[in-house]
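Data first, discussion second: the structure below is written as structure tokens.
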Amino acid sequence: YGNLTNYRRILDVEGANPGDVAVCGPEARVEQQLRAFGSAGATDLLASIYPVGEDSAASIERTRQFLKTLVGRL
């Protein structure tokens, strides 16, 4: 993403790198990172889910279900 023109432009405006806005890790860490974005003023979230492990479908579904638990709580 750091090489995509529009994405790079936004990162440059904010003085950020792709790793600064990537959210990954165990559920507690993901929630913590999303809360930090909210505290910084973010009002919208677009989640692109990248599966891990051998069962991609299960990984994606687990992530979707987890994100749903955060709706209205962040």
Side-chain angles (χ1 to χ4, degrees):
Y1 285 102
N3 294 324
L4 298 174
T5 304
N6 286 332
Y7 193 77
R8 181 77 255 167
R9 181 178 56 80
I10 297 299
L11 290 172
D12 290 344
V13 166
E14 296 299 325
N17 292 304
D20 296 327
V21 296
V23 174
C24 55
E27 291 173 354
R29 177 71 179 131
V30 168
E31 183 173 351
Q32 180 183 35
Q33 292 171 330
L34 294 177
R35 286 186 183 282
F37 288 154
S39 294
T43 58
D44 296 296
L45 168 70
L46 172 61
S48 296
I49 300 171
Y50 296 92
V52 295
E54 293 183 23
D55 189 343
S56 295
S59 176
I60 290 169
E61 184 59 23
R62 177 180 175 191
T63 302
R64 283 184 180 148
Q65 292 304 315
F66 169 68
L67 291 174
K68 285 179 184 181
T69 70
L70 300 177
V71 173
R73 293 184 33 226
L74 298 177

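Owing to the predicted nature of the structure, the values given are computational and were not obtained by experimental measurement.
Closest heavy-atom contact between Gly25 and Val30: O-CG2, 3.4 Å. Scanning both residues, Phe66 and Glu27, for their nearest heavy atoms gives CZ-O, 3.3 Å.
Taken together through direct or relayed side-chain contacts under 4.5 Å among Ile, Leu, Val, Met, Phe, Trp and Tyr, Ile10 and Leu4 form parts of separate hydrophobic clusters. Both Leu45 and Phe37 belong to a single network of hydrophobic side chains, linked directly or stepwise wherever heavy atoms of I, L, V, M, F, W or Y lie under 4.5 Å apart.
Atom CG of Asp20 is surrounded by more than 12 heavy atoms from other residues, nucleotides or ligands within 6.0 Å. The environment of Gln65 atom CD is dense: over 12 non-hydrogen atoms of other residues, nucleotides or ligands sit within 6.0 angstrom.
Between Leu70 and Arg73, some side-chain heavy-atom pair lies under the 4.5 Å cut-off. Side-chain contact between Arg8 and Asn17 is present, with at least one heavy-atom pair separated by less than 4.5 Å.
At a cut-off of 3.5 Å, with distance as the only test, a side-chain donor of Gln32 or Arg29 sits close to an acceptor on the other residue.
Summarising the geometry, atom CZ belonging to Arg62 is positioned 12.0 Å from atom CG belonging to Asp55; distances are rounded to the nearest 0.5 Å. Considering CG of Leu74 and OG1 of Thr43, their distance stands at 12.5 Å, rounded to 0.5 Å.
Although no hydrogens or angles enter the test, the distance criterion places a donor-acceptor pair under 3.5 Å between the side chain of Thr63 and the main chain of Ser59.
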Test side chain to side chain contact (heavy atoms under 4.5 Å, CB included) applied to Leu67 and Ile49, step by step
CA-CA 10 Å; Leu67 291 174; Ile49 300 171; 4.3 Å; yes
